Amino acid sequence: MPSWIGAVILPLSGLLLSLPARADVKARSCGEVRQAYGAKGFSLADIPYQEIAGEHLRICPQEYTCCTTEMEDKLSQQSKLEFENLVEETSHFVRTTFVSRHKKFDEFFRELLENAEKSLNDMFVRTYGMLYMQNSEVFQDLFTELKRYYTGGNVNLEEMLNDFWARLLERMFQLINPQYHFSEDYLECVSKYTDQLKPFGDVPRKLKIQVTRAFIAARTFVQGLTVGREVANRVSKVSPTPGCIRALMKMLYCPYCRGLPAVRPCNNYCLNVMKGCLANQADLDTEWNLFIDAMLLVAERLEGPFNIESVMDPIDVKISEAIMNMQENSMQVSAKVFQGCGQPKPAPALRSARSAPENFNTRFRPYNPEERPTTAAGTSLDRLVTDIKEKLKLSKKVWSALPYAICKDERVTAGTSNEEECWNGHSKARYLPEIMNDGLTNQINNPEVDVDITRPDTFIRQQIMALRVMTNKLKNAYNGNDVNFQDTSDESSGSGSGSGCMDDVCPTEFEFVTTEAPAVDPDRREEDSSAAGLGHSLLSWSLVCMVLALQRLCR
């Protein structure tokens, strides 16, 4: 054998001896990765049986790997989907809170109005019979407008209630003076005397205060539940940025590419990724917390002086009390109207001058307790409010807490107790970088997610604005004001529809963030203003007694 052959064989033999060890490094099995990858529902045709060189990888470390380009693309998309699902799952509580409570409150308020209208109709049919049925559209229109206001209609409550009492006065004035014929112009003159004569006593003034405040609070509260529901639903559907998707892939599935499918991310590593991906959501927190505080304050009003249930349940009794006041003072009212509007023309001879007053001057019969309609929606306002207050308090800071809630999920991270045996983005070892603070501006140095802090998410900013507008409405509702009609009222208070400032129980304006709602007894009742007429006649005495009895029923 020539010497040069031996010289070649010796180096080759050395090379051959070294090949098996190198082959072992390259050929590490991808069995575990194949099993985990297949469990995700992916085709095993994408994945090698043994590790390959990783120069083709764009996100994961370019070392020996079990990932092909197709695998990295699919796992990147998978990490995006899992992140979106995690956010939706984690925000499930707050979303269902607003969805379910909005449904309950809306059902309650609608049924409350239906019950009140039915109660009034039943009572007035029994009490006034045909006279009521011939004029029932006046009362039906009242409830139609109340429902329209509650459902978001463009209704000025004060003007609507003023119009109701003016129309009722016109109808009753004709009934107590059947011997005369009244033209449309004359009746319009009569209605102008509503405030001056106070034919219905103090009932219209009190009822206007109670109804406007209660309806403003109820409608605004339900609108708040709607806004909370919509914001929560929208914000929980995230659209991760390309930088976020890269970070998610690196955190969740680069362990697969490194042959470590069972190793989960370090907790602090997860927090930095989530804080970068959810930076804009965290910025929602400040306005969200102000909104929740405002909802809680209006909820307190609903439990107290603005309780719509305590206003609507006895509204039939209140209106009947007003009608009795008109009956009692009919002669004085008529005389003053004739003096101001002129002597009306006599009615045609066919009409009886006595039949209507006799029919109209009927005795009022209230419900027995067992005859009163059942509570709306099988519950009470107090129970509903207590329930929603508990849930609202739990939903504070929900958006800044999302990263912590997600990273606490054992399906996502290795947990805080396993800081050495977790994936840190490069290998199985402790994660060393510090945790970023919440919010967009604090992500400027986020080591895991490339965040452009100069471009806030416009979608999130829209939700912040929606919350800000709703918080302002709640603030106005807390003070008894309807923000939609603040400049349209002719009341001397000048504070808009339902200001509630025509009465000594008017709540004071408050510094919205710091002042608690004043304690006011929701069952407070003012003494009957008609008691001064006790000595007029036996009829007057009977009417007053009935009114006082009714007031005791209302307490």
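If you're wondering where the values come from, they're calculated on a predicted model, not measured in any experiment. Residue numbers count from 1 along this sequence. In what follows, every heavy atom counts, from backbone to side chain, and hydrogens, waters and symmetry copies are set aside.
Contact check on Arg461 versus Asp283 returns a salt bridge, with a Lys/Arg side-chain nitrogen under 4.0 Å from an Asp/Glu carboxylate oxygen. Comment: Lys104 does not engage Glu107 in a salt bridge, judged by the lack of any side-chain N to carboxylate O separation of less than 4.0 angstrom. Using a 4.0 Å cut-off between charged nitrogen and carboxylate oxygen, Asp122 and Lys118 count as a salt-bridge pair. A salt bridge does not link Glu303 with Arg383: none of the charged nitrogens is closer than 4.0 Å to a carboxylate oxygen. Here Arg167 pairs with Asp141 in a salt bridge; the nearest charged N to carboxylate O distance falls below 4.0 Å.
Between Phe124 and Tyr128, the ring-plane angle classifies as perpendicular under the 30° and 60° cut-offs. Using a 30° and 60° split on the angle between ring planes, Tyr132 and Phe139 fall in the tilted class, from 30° to 60°. Ring geometry for Tyr186 against Phe338 counts as tilted: the plane angle lies between 30° and 60°, on a 0 to 90° scale.
No close placement of the Trp399 and Tyr404 rings is indicated, their centers lying 6.0 Å or farther apart.
Taking the side chain as every heavy atom from C-beta outward, Gln174 and Val190 never approach each other to under 4.5 Å. Side-chain atoms of Asn162 and Lys208, non-hydrogen and from C-beta on, do get closer than 4.5 Å to each other. Side-chain contact between Leu290 and Leu467 is absent, with no heavy-atom pair separated by less than 4.5 Å. Phe83 places a side-chain heavy atom less than 4.5 Å from the side chain of Met274.
Side chain of Ser330 to backbone of Gln327: a donor-acceptor contact under 3.5 angstrom is found. Distance alone, capped at 3.5 Å, is enough to place a donor-acceptor pair between the Asn289 side chain and the Lys397 backbone. A distance-only check finds no donor-acceptor pair linking the side chain of Asp106 to the backbone of His102 [under 3.5 Å].
Counting heavy-atom neighbours within 6.0 Å of Lys336 NZ, excluding the residue itself, gives a total of 12 or less.
Within the model, atoms OG of Ser136 and CG of Leu120 stand 10.0 Å from one another, a figure rounded to the nearest 0.5 Å. Expressed to the nearest 0.5 Å, how far CG of Asp316 lies from OG1 of Thr127 amounts to 9.5 Å. The CZ atom of Arg468 sits 4.5 Å away from the CD atom of Glu287 when rounded to the nearest 0.5 Å. Between the CG atom in Asp382 and the CG atom in Leu302 there is a gap of 9.5 Å [rounded to 0.5 Å]. In this structure, CG in Leu168 is found 10.0 Å from CG in Leu142, a value given to the nearest 0.5 Å. Put simply, NZ on Lys206 and NZ on Lys318 are 6.0 Å apart, with the number rounded to the nearest 0.5 Å.
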Is there a side chain to side chain contact (heavy atoms under 4.5 Å, CB included) between Arg234 and Phe459 once you walk through the steps? CA-CA 9 Å; Arg234 289 168 182 165; Phe459 179 76; 3.4 Å; yes

Side chain to side chain contact (heavy atoms under 4.5 Å, CB included), that's the test. Do Leu197 and Leu169 meet it? Break it down for me. CA-CA 11 Å; Leu197 296 176; Leu169 174 59; 5.8 Å; no

Could you go through Ser395 and Thr97, starting from their C-alpha distance and side-chain angles, then the distance that decides it, and tell me whether this counts as side chain to side chain contact (heavy atoms under 4.5 Å, CB included)? CA-CA 9 Å; Ser395 71; Thr97 290; 5.8 Å; no

Would Asp313 and Leu112 count as a side chain to side chain contact (heavy atoms under 4.5 Å, CB included) here? Give the steps. CA-CA 8 Å; Asp313 270 353; Leu112 183 68; 3.9 Å; yes

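Checked against Val211 for a side-chain contact (heavy atoms from CB on, under 4.5 Å), the options Ile308, Ile216, Val311 give a single hit: Val311.
Contacts classified as disulfide (SG to SG under 2.5 Å) and involving residues 90-127 (residues at least two apart or in different chains) are not found.
Side chains of Asp438 and Ser400: a donor-acceptor N/O pair is absent below 3.5 angstrom, by distance only.
Under a cutoff of 6.0 Å and an axis angle of 45°, Arg110 and Tyr150 do not form a cation-pi pair. Relative to the six-membered ring of Tyr478, Arg301 meets both conditions, a distance below 6.0 Å and an angle of at most 45° to the axis.
Among all heavy-atom pairs drawn from Gln134 and Arg171, the shortest one is O-NH1, 4.3 Å.
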